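Reviewing the structure listed below.
The sequence lines fix the lettering, A, B, ..., with proteins before strands; numbering per chain opens at 1. In what follows, every heavy atom counts, from backbone to side chain, and hydrogens, waters and symmetry copies are set aside. No experiment lies behind these values; they were computed from the predicted model shown.
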There are 2 protein chains.
Amino acid sequence: MDLVLLTIRQGALHVLLIRRGIPPFTGQWALPGGFVLDGEGLDAAAARELHEETGLLPGHLEQLATYGDPGRDPRGRVFAVAYLALLPDLPVPVAGSDAAAASWQPLPIAGLAFDHDAILADGLERARSKLEYSPLATAFCPPEFTIAELREVYETVWRTRLDPRNFHRKVTGAAGFVEPTGETVIRDRGRPAQLFRRGSATLLHPALLRPGSSSQLTPMVTDSEDHVAEREVTE
Amino acid sequence: MDLVLLTIRQGALHVLLIRRGIPPFTGQWALPGGFVLDGEGLDAAAARELHEETGLLPGHLEQLATYGDPGRDPRGRVFAVAYLALLPDLPVPVAGSDAAAASWQPLPIAGLAFDHDAILADGLERARSKLEYSPLATAFCPPEFTIAELREVYETVWRTRLDPRNFHRKVTGAAGFVEPTGETVIRDRGRPAQLFRRGSATLLHPALLRPGSSSQLTPMVTDSEDHVAEREVTE
DNA sequence: CCAAAAGTGTTTGGTTTACACCCATGA
DNA sequence: TCATGGGTGTAAACCAAACACTTTTGG
């Protein structure tokens with residue numbers, strides 16, 4: 001059982017890694033993991049491991065895939081069921097119980113033990129694509145958040161820039177994605193932002209698609225900000 | 001290792017099942033499966049099992065999920081990695097090597113051994129959703145096929161009726177989905193249809209979405225065929 | 001000629017993008 | 001007041017559903 005635990009800290013995607021204290025791959029970074037106990041289901045085992053490593057209850061936890069190629073573990077044939085979890089930023093990195101050290105590492109990262117580079121890559125791609133058609137991005141956020149904070153999640157995970165104005169409309173327009181709390185906050189300078197919490201939807205409609213996945217014609221103007229009046233709006 | 005092998009026969013979706021010859025669940029239907037051999041990867045084991053059961057090479061084969069809830073096997077804790085394959089209609093159902101009997105069963109079906117009802121349901125849902133954004137429907141077709149035959153695949157898997165005219169345009173308009181062979185055939189009565197083969201795309205763009213997933217307003221007219229002139233086209 | 005299936009064209013309406021523009025606050 | 005971020009309005013382009021209509025065969 002291996003866990004891909006992702007969070008966003010300081011505007012960058014991080015993954016929880018442990019430094020191995022025993023062979024093989026002693027001293028190398030690896031995904032946290034453990035074993036399934038007697039009488040425990042796979043999902044339950046993943047949730048327990050997650051709690052042991054981070055002290056958190058799973059906001060979102062899903063099975064990723066199972067890895068069992070010969071040679072992935074030098075000790076012999078070992079199968080690993082990988083799980084993916086998306087977590088809000090944590091107060092403390094918390095060290096695992098049995099690991100030499102545990103810490104959040106910014107992505108991209110490579111050189112992990114076993115086939116964990118590949119597992120991490122699969123987890124990342126799964127997270128990226130799930131943001132498109134599920135309201136999962138809220139799992140990275142605290143219980144109450146602003147639209148700009150939610151947009152930062154998308155921009156960080158997709159490594160893209162999104163138009164704040166269109167993003168706002170799409171998110172608030174997708175039924176059940178977010179619900180306003182009625183309160184506002186000032187995060188930085190500027191006009192106060194409304195606070196939202198997760199809605200009840202499990203699927204987004206319409207979906208938010210990653211830019212670049214569509215076949216676009218070249219736009220006439222390539223600037224990224226309003227700067228010149230292109231046209232007078234007569235109203 | 002369990003296999004969800006789907007095909008379309010006589011306009012209905014079928015799954016390959018074996019009748020168990022040994023306990024537990026003797027005499028009940030179950031998904032075909034087997035064990036991973038030494039030095040064999042998971043994907044390779046699934047491909048080998050598929051070949052043993054059907055004599056076919058995998059057109060499309062992908063890992064579905066891993067099942068390991070306690071109690072799924074009365075003999076004790078057993079983990080099963082499930083694979084999903086979509087196959088063209090086969091000449092012979094072919095009996096498995098070690099199974100008492102193997103045969104294609106039309107869906108829906110229930111009462112399978114172990115947790116195979118749930119595995120089959122997961123496989124079906126995966127197949128349904130993959131038809132939306134991948135050109136996988138062609139895996140159900142022979143090497144050359146007509147657009148109407150491809151549409152039948154979608155209609156069968158989605159249990160929906162699709163507009164033949166819009167479907168034709170969407171399929172031939174999605175880059176790399178299908179390529180015309182240049183030949184035509186007459187399948188039934190009516191105008192001859194062009195033959196196509198799979199294209200090189202791995203992702204559909206734009207995607208074909210299942211009807212009903214979107215939030216639709218009530219249409220003004222509920223008839224299914226052209227029958228009355230609604231409006232004169234002045235041109 | 002008629003029925004039936006294949007395939008094209010058109011209209012309508014929703015979605016996306018690219019912006020202009022207004023709003024509310026701290027400095 | 002100005003800079004800054006929050007949020008709404010709008011037009012062009014694109015996409016999808018509904019359906020009229022043409023083409024090409026068999027009976």
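In the region residues 178-187 of chain A, proximity to DNA chain C at under 4.0 angstrom, judged on heavy atoms, holds for I186(A). Using a 4.0 Å cut-off on heavy atoms, the residues of residues 147-155 of chain A that approach DNA chain D are A148(A), R151(A), listed by number.
Salt-bridge check for E125(B) with R210(B): passed, with a basic side-chain N closer than 4.0 Å to an acidic carboxylate O. We find that K130(B) and E62(B) are joined by a salt bridge, their nearest charged nitrogen and carboxylate oxygen being less than 4.0 Å apart.
Phosphate proximity of dA17(D) to K170(B): present, with a side-chain N or O under 4.0 Å from OP1 or OP2. Of the side-chain N and O atoms in Q194(A), one or more sit less than 4.0 angstrom from OP1 or OP2 of dG7(D).
Among residue pairs with one or both ends in residues 115-124 of chain B, those qualifying as salt bridge (Lys or Arg N to Asp or Glu O under 4.0 Å) are R72(B)-D115(B); sequence neighbours excluded.
Of the candidate nucleotides dG7(D), dA4(C), dG7(C), dG7(C) has the atom nearest to the side chain of R165(B). Closest to the side chain of R169(A), out of dG9(C), dG7(C), dA18(C), is dA18(C).
Rounded to whole Å, atom C1' of dA6(C) lies 10 Å from atom CZ of F196(B). Summarising the geometry, the separation between CZ on F167(B) and C1' on dC15(D) is reported as 17 Å, rounded to the nearest angstrom. The nearest whole Å value for the distance from the CG atom in L162(B) to the P atom in dA16(D) is 13 Å. Rounded to whole Å, the distance from CG on L208(A) to P on dT15(C) is 13 Å. At whole-Å resolution of the value, CG in L204(A) and P in dT15(C) are 13 Å apart. Remark: C1' of dG7(D) and CG of L195(A) are 15 Å apart, rounded to the nearest angstrom. In this entry the distance linking NE2 of H205(A) with P of dT15(C) reads 6 Å, nearest Å. Nucleotide dT8(C) holds its P atom 14 Å from the CG atom of D163(B), rounded to whole Å.
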Let me see the working for L50(B) and L87(B) under side-chain contact (heavy atoms from CB on, under 4.5 Å), right down to the final yes or no.
CA-CA 10 Å; L50(B) 168 61; L87(B) 304 167; 4.0 Å; yes
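Residue H168(B) is the one, among P192(A) and H168(B), whose nearest nucleotide of DNA chain C lies closer to the 5' end (criterion: closest heavy atom). Between R189(A) and N166(A), it is R189(A) whose nearest contact on DNA chain D lies nearer the 5' terminus.
For the side chain to side chain contact (heavy atoms under 4.5 Å, CB included) test, residues two or more places apart in sequence or in another chain that qualify with R187(A) are T146(A), E149(A), V185(A), L195(A). Remark: A201(B) pairs with no residue by the side chain to side chain contact (heavy atoms under 4.5 Å, CB included) rule, at least two apart or across chains. Qualifying ring pair (Phe, Tyr, Trp, His ring centres under 6.0 Å) partners for F167(B), counting only residues two or more places apart in sequence or in other chains: Y154(B).
Environment of CZ in R159(B): sparse, with no more than 12 heavy atoms of neighbouring residues, nucleotides or ligands closer than 6.0 Å.
A donor-acceptor contact under 3.5 angstrom links the side-chain atoms of R191(B) to the base of dA6(C).
At a threshold of 4.5 Å between non-hydrogen side-chain atoms, the residues V178(B) and F145(B) count as touching. Side chains of L42(A) and Y83(A) form a contact here, defined as non-hydrogen atoms less than 4.5 Å apart.
Residue A207(B) is classed as a sugar-phosphate contact, given heavy-atom separations below 4.0 Å to backbone atoms only.
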